[in-house]
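Beneath this line is the structure, given in structure tokens, with notes to follow.
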Amino acid sequence: FEALSTTKQKGPFMNLVQQNLIKDAIFAFKLNPKSQSSGGVLTLGGTDPADYEGSITWLKVVRPLYWEVGLDSVRMGSTSVSGPARAIID
């Protein structure tokens, strides 16, 4: 985000968006399991449906500093925490 830049410059991704060089202001990561040493993918301008199952839940960035989003709850395995809360997606 521009607010984090010491020179207050837009980052490469936002430059691509402003120049209409990518279709949508969306990016996606595909991370491989730890057992694989390589093969992750960064997709700019959209998503690749071959890289996921089900539907995507979109969250709004609540503060344009880092990737901070609002959460109602979080669950991992049998443990859950109720919100409201904020989290940085990193």
Side-chain angles (χ1 to χ4, degrees):
F1 287 100
E2 194 175 327
L4 290 174
S5 170
T6 57
T7 60
K8 303 302 178 204
Q9 300 295 311
K10 292 191 182 345
F13 180 71
M14 290 311 297
N15 279 322
L16 291 170
V17 171
Q18 288 183 335
Q19 295 176 45
N20 294 317
L21 296 174
I22 57 176
K23 182 180 176 193
D24 295 310
I26 297 171
F27 62 89
F29 289 97
K30 176 185 177 188
L31 305 175
N32 283 336
K34 189 175 183 178
S35 61
Q36 296 180 0
S37 62
S38 64
V41 176
L42 167 63
T43 303
L44 300 175
T47 62
D48 184 348
D51 290 337
Y52 62 91
E53 295 178 9
S55 60
I56 295 175
T57 300
W58 300 99
L59 301 174
K60 291 186 178 199
V61 173
V62 295
R63 186 172 65 140
L65 185 68
Y66 306 101
W67 291 97
E68 189 174 327
V69 298
L71 300 176
D72 295 325
S73 64
V74 176
R75 183 180 63 188
M76 183 170 183
S78 62
T79 303
S80 63
V81 177
S82 295
R86 290 184 176 190
I88 295 173
I89 307 301
D90 190 21

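The stretch residues 64-90 participates, sequence neighbours left out, in these ring-ring contact (aromatic ring centres under 6.0 Å, His included) pairs: F1-W67, F27-W67.
The shortest non-hydrogen separation linking K30 to D51 is CD-OD1, 3.4 Å. The shortest heavy-atom contact between G46 and A28 is O-CB, 4.0 Å. Smallest separation of non-hydrogen atoms from P49 and T47: CD-O, 3.6 Å. Between P64 and A3, the shortest heavy-atom contact is O-CB, 4.4 Å.
Linking ILVMFWY residues whenever their side-chain heavy atoms come closer than 4.5 Å, directly or via other members, leaves L65 and L59 in distinct clusters. Residues F13 and F29 share a hydrophobic cluster, clusters being chains of Ile/Leu/Val/Met/Phe/Trp/Tyr side chains in contact below 4.5 Å. By the criterion of side-chain heavy atoms lying less than 4.5 angstrom apart, applied directly or through intervening Ile, Leu, Val, Met, Phe, Trp or Tyr residues, V41 is not grouped with I89; the two fall into different hydrophobic clusters. Under the 4.5 Å side-chain heavy-atom criterion for ILVMFWY residues, a single connected hydrophobic cluster contains both L42 and I22. Grouping the Ile, Leu, Val, Met, Phe, Trp and Tyr side chains by contacts below 4.5 angstrom, directly or via other members, places M14 with L16.
Other residues sharing a hydrophobic cluster with W58 under the 4.5 Å side-chain heavy-atom criterion for ILVMFWY residues are I26, Y52, I56.
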Expected list for residues 68-84: side-chain donor-acceptor pairs under 3.5 angstrom, two or more places apart:
| unit_1 | atom_1 | unit_2 | atom_2 | d |
| --- | --- | --- | --- | --- |
| E68 | OE1 | R63 | NE | 2.9 |
| E68 | OE1 | R63 | NH2 | 2.9 |
| E68 | OE2 | R86 | NH1 | 3.2 |

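The local environment of NZ in K8 is crowded, with over 12 non-hydrogen atoms from other residues, nucleotides or ligands closer than 6.0 Å.
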